[in-house]
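Just so we're clear, the structure is a prediction, and the values are computed from it rather than from any experiment. We use all heavy atoms of the structure for the numbers below, so side chains are in, but hydrogens, waters and symmetry mates are not. Letters A, B, ... are given to chains in the order of the sequence lines, protein chains preceding strands, and every chain is numbered from 1.
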Number of protein chains: 2
Amino acid sequence: MERKRAKSGEIRLTEVAKLAGVSPITASRFFRNPQALSLSKRERVASAAKELGYVPNLAARALASQRTEVIGVLIPSLTNNVFSDVLRGIYDASEGSRYSIQLANTRYSILQEEQLLRLFQAQKPAGLIVTGIDQTAESRAVMEAMNCPIAQIMEIGPDPVDMMVGFSHYDAAFAAVSHLVEQGFKRIGFVGAQMDPRMQRRFGGYRDAMKAASLFAPRLIVTTPVPTSITLGGSVFSDLLSKAPDIDAVCCGNDDLALGVLFECQRRHLSVPEDMAIVGFNDLEFMASAVPPLTSVRTNRYEMGRSAVTMVTAAIEGNRPPQPVLDLGFQLMIRESSSPRHN
Amino acid sequence: MERKRAKSGEIRLTEVAKLAGVSPITASRFFRNPQALSLSKRERVASAAKELGYVPNLAARALASQRTEVIGVLIPSLTNNVFSDVLRGIYDASEGSRYSIQLANTRYSILQEEQLLRLFQAQKPAGLIVTGIDQTAESRAVMEAMNCPIAQIMEIGPDPVDMMVGFSHYDAAFAAVSHLVEQGFKRIGFVGAQMDPRMQRRFGGYRDAMKAASLFAPRLIVTTPVPTSITLGGSVFSDLLSKAPDIDAVCCGNDDLALGVLFECQRRHLSVPEDMAIVGFNDLEFMASAVPPLTSVRTNRYEMGRSAVTMVTAAIEGNRPPQPVLDLGFQLMIRESSSPRHN
DNA sequence: CAATCTTGTGGTAGCGCTGTCAACAGTTGT
DNA sequence: ACAACTGTTGACAGCGCTACCACAAGATTG
């Protein structure tokens with residue numbers, strides 16, 4: 001009957017309140033809304049907390065207040081540079097807010113995503129950011145049950161779960177290929193890897209731009225489900241060359257592949273763009289400093305992360321953005337690797 | 001007097017227990033240690049939980065049990081590829097365990113690190129992984145107060161807070177430079193950026209290897225605190241060339257710089273390694289596929305992440321590894337970019 | 001056959017904090 | 001002078017779960 005359970009031994013709010021000579025609830029308010037206290041009490045609580053080294057117990061706070069200040073983030077890969085830029089935007093934006101980020105990695109698996117969503121559900125996050133628009137029905141159900149603002153990022157499409165920030169991968173790839181067509185290239189190959197939904201939509205843009213120019217041919221295409229890498233770029237390009245040795249340009253599903261293609265061209269003594277034009281996708285940092293500089297489609301990844309956090313936090317606080325879908329667009333960065341054919 | 005506070009409306013454990021015809025505590029046990037229940041009750045609880053769509057409340061669990069199943073991770077950058085490999089190891093290892101990862105980004109600031117540590121402290125994580133060995137005294141105090149297993153990663157050094165997994169950046173850089181010396185290079189430059197503690201220790205390895213060969217000269221060195229990038233590699237190398245046009249090799253503080261140096265050599269029509277040898281640090285994926293392939297020091301980053309999680313989780317469960325410091329070493333990957341001088 | 005151990009189950013009492021409401025000044029208006 | 005405010009404070013109960021203990025029922029022993 002004495003003490004059924006060992007106290008944690010840590011300083012509790014009650015202790016701080018006692019030392020400060022106020023009630024626990026007043027001390028509690030000090031940590032959440034200091035300006036509601038009179039100046040004198042505010043100082044007393046502050047110094048008491050400091051003296052005791054008080055650290056609030058977040059679990060207790062979450063339980064009592066029935067909410068958390070965590071935004072869950074689901075991304076498919078930590079290795080892919082594309083997502084590290086998005087994450088940087090997310091973390092940067094979260095630092096200006098009261099919310100902290102909880103990150104999870106789906107590894108491009110929609111089943112893994114489903115599981116992680118359930119895990120998040122148990123944490124009752126204040127908001128959620130998920131990658132892409134291709135969740136399972138089950139995942140969508142969980143998201144709807146979570147009853148918190150949700151932003152889907154990286155892409156835009158019809159039927160958002162809640163909000164969306166992204167751009168059209170289809171349009172962007174269409175623009176890149178149309179550029180090559182305009183420059184006078186005729187036999188434009190496509191290399192793709194890690195055929196996730198976004199890569200597939202980019203392929204769709206390539207396909208339709210080629211068809212629109214009456215240049216489409218299946219032999220010009222090499223794709224693989226293998227995770228993308230620079231080295232892989234070299235090998236898929238080699239495959240492409242053996243299927244279609246007469247190609248004069250390559251549209252790469254992303255920049256890693258493009259750099260791999262450039263290296264392979266160097267190895268084969270093919271000059272770029274005279275013998276082979278190259279365009280990439282995403283405009284990672286190295287595209288501009290490669291030799292020759294590589295044409296790519298710039299995507300606003302950092303901004304995407306920032307906006308997603310901004311929209312979600314605003315929604316949490318009741319200020320939903322007027323339109324739920326934000327298209328951040330893209331810019332075609334034309335560089336030497338796609339200079340016009342000079343014949 | 002009726003209902004002071006609105007119930008959350010969600011299904012609680014009590015509801016599940018009622019439907020299953022067991023006591024709440026039995027239902028609770030089902031979720032934590034199912035094999036402690038008889039088969040019949042186990043099934044009854046399982047189906048009741050499923051039927052009601054029960055989602056446990058993690059905050060309540062954490063409060064009642066006085067612990068969490070979260071491992072906090074502090075890293076200095078999300079953009080740097082080096083850390084994405086470490087993170088991949090961390091996330092991979094955590095998936096095999098019951099623990100989930102909470103990631104925070106210090107942006108190479110030890111003050112930011114201090115703040116984030118305090119934030120973690122409020123969450124009472126089960127374990128902690130921090131980058132490097134250069135924490136402030138204040139940070140160390142917080143870590144010690146946290147009273148949970150802690151792994152410092154990326155480096156090893158004396159006086160671990162608790163455990164360590166890493167390797168000696170000094171030794172690795174020393175080995176890389178000694179290799180260049182052995183190959184017959186005499187005027188070996190150093191380019192460094194983002195002069196964080198690890199970069200500085202690498203520089204120390206360069207300096208001492210050069211001194212050991214009586215080749216050290218301050219004019220061979222260019223460093224900048226600017227965050228590292230491939231483009232920056234080109235510009236620091238240009239600076240180096242204007243200070244010391246006669247250099248025959250460059251030791252790069254990391255691989256991004258090395259690739260930038262390679263591109264700059266291509267731009268200046270310097271052939272590698274005939275006119276300029278290059279070695280990098282970390283052995284990122286692109287080093288082997290560059291033209292020519294670039295020599296680098298392979299560091300076991302993925303393994304570092306995995307081991308850190310393994311050690312921390314083992315320690316949480318009471319099986320501390322016998323020796324607290326794990327040196328994962330490094331391998332010098334000798335490639336064409338450092339082929340011997342042929343004079 | 002009683003004495004012991006094991007296994008499964010339930011009752012009780014919190015974990016540390018905050019929502020809700022009430023109360024009590026101190027101020028202002030009429 | 002009294003009512004009607006505003007700003008600040010406190011009492012109370014409870015958020016949903018689990019630690020702790022107790023105890024019943026079966027298994028094992030001498």
Enquirer: With heavy atoms under 4.0 Å as the rule, sort B:Y54 into base, sugar-phosphate or nothing.
Expert: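 Here B:Y54 touches the backbone only, sparing every base.
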
Enquirer: When the distance from CG of B:L63 to C1' of C:dC15 is rounded to whole Å, what number comes out?
Expert: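 That distance rounds to 4 Å.
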
Enquirer: Would you confirm whether A:Q102, through its side chain, and B:I101, through its main-chain N or O, come within 3.5 Å as a donor-acceptor pair?
Expert: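 At least one qualifying donor-acceptor pair exists.
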
Enquirer: Between A:I11 (CD1) and C:dC17 (C1'), how many Å, whole number?
Expert: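 Computing the A:I11:CD1 to C:dC17:C1' distance gives 16 Å.
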
Enquirer: Does C:dG19 have OP1 or OP2 under 4.0 Å away from a side-chain N or O of A:R32?
Expert: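 Checking A:R32 against C:dG19: at least one side-chain N or O falls below 4.0 Å of OP1 or OP2.
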
Enquirer: Report the distance from atom CG of B:N33 to atom C1' of C:dT9, rounded to the nearest whole Å.
Expert: 14 Å

Enquirer: Please check this pair: side chain of A:N300 against backbone of A:E303, looking for a donor-acceptor N/O pair closer than 3.5 Å.
Expert: no

Enquirer: Taking the six-membered ring for Trp, are B:F31 and B:Y54 parallel (under 30°), tilted (30 to 60°) or perpendicular (over 60°)?
Expert: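 Tilted, since the angle between the ring planes falls between 30° and 60°.
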
Enquirer: Looking only at side-chain atoms of B:K41, point me to the closest of C:dG10, D:dT9, C:dC17.
Expert: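 For B:K41, the side-chain atoms sit closest to C:dG10.
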
Enquirer: So which nucleotide from D:dG16, C:dG10, C:dC17 ends up closest to the side chain of B:I25?
Expert: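 Nearest to the side chain of B:I25 among the choices is C:dG10.
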
Enquirer: Need one value for B:A62: base, sugar-phosphate or nothing, where a base atom within 4.0 Å counts as base even if backbone is also close, heavy atoms only.
Expert: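 The residue B:A62 makes no contact with any strand.
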
Enquirer: Do any side-chain nitrogens or oxygens of A:S38 fall under 4.0 Å of OP1 or OP2 in D:dT9?
Expert: yes

Enquirer: Report the nucleotide, chosen from C:dG10, D:dA19, D:dG10, that has the shortest atom-to-atom distance to any side-chain atom of B:S23.
Expert: C:dG10

Enquirer: Within the side chain of B:E15, is there an N or O that forms a donor-acceptor pair under 3.5 Å with the backbone of B:R12?
Expert: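 Flag set: sc B:E15 to bb B:R12 pair under 3.5 Å.
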
Enquirer: If I take atom CZ in residue A:R61 and atom P in nucleotide D:dC17, what distance separates them, rounded to the nearest angstrom?
Expert: 21 Å

Enquirer: Please determine, for the side chain of A:L13, which listed nucleotide (C:dC17, D:dT9, C:dT9) has the closest atom?
Expert: C:dC17

Enquirer: Provide, to the nearest angstrom, the distance between the CG atom belonging to B:L37 and the P atom belonging to D:dT18.
Expert: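 In whole Å, D:dT18 P and B:L37 CG are 12 Å from each other.
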
Enquirer: Can a donor-acceptor pair be found, under 3.5 Å and without considering hydrogens, that links the side chain of B:R42 to the backbone of B:P34?
Expert: yes

Enquirer: Please classify the nucleic acid contact of B:R67 as base, sugar-phosphate, or nothing, using heavy-atom distances under 4.0 Å.
Expert: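 Counting heavy atoms under 4.0 Å across all strands, the contact made by B:R67 is with sugar-phosphate only.
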
Enquirer: Mark yes when over 12 heavy atoms from residues, nucleotides or ligands other than A:R107 sit less than 6.0 Å from its CZ; otherwise mark no.
Expert: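 Yes.
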
Enquirer: For A:K124 and D:dC15, what is the distance between atoms NZ and P respectively, to the nearest whole Å?
Expert: 13 Å

Enquirer: Over how many whole Å does the gap from A:K18 atom NZ to D:dG10 atom C1' extend?
Expert: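 Interatomic distance, NZ of A:K18 to C1' of D:dG10: 15 Å.
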
Enquirer: Between atom CZ in B:R12 and atom C1' in D:dT18, what is the gap in whole Å?
Expert: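 Rounding to the nearest Å, CZ of B:R12 and C1' of D:dT18 are 15 Å apart.
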
Enquirer: Taking the side chain of B:S65 as its heavy atoms from C-beta onward, which of C:dT18, D:dT18, C:dG16 lies nearest to it?
Expert: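 Nearest listed nucleotide: D:dT18.
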
Enquirer: Taking for each residue the nucleotide of DNA chain C bearing the nearest heavy atom, is the 5' side occupied by A:R29 or by A:T14?
Expert: A:T14

Enquirer: With the side chain of A:Q66 defined as its heavy atoms from C-beta on, choose the nearest nucleotide among C:dC17, D:dC15, D:dC17.
Expert: D:dC15

Enquirer: If you assign each of A:P56 and B:T26 to its closest nucleotide in DNA chain C, which residue comes earlier from the 5' end?
Expert: B:T26

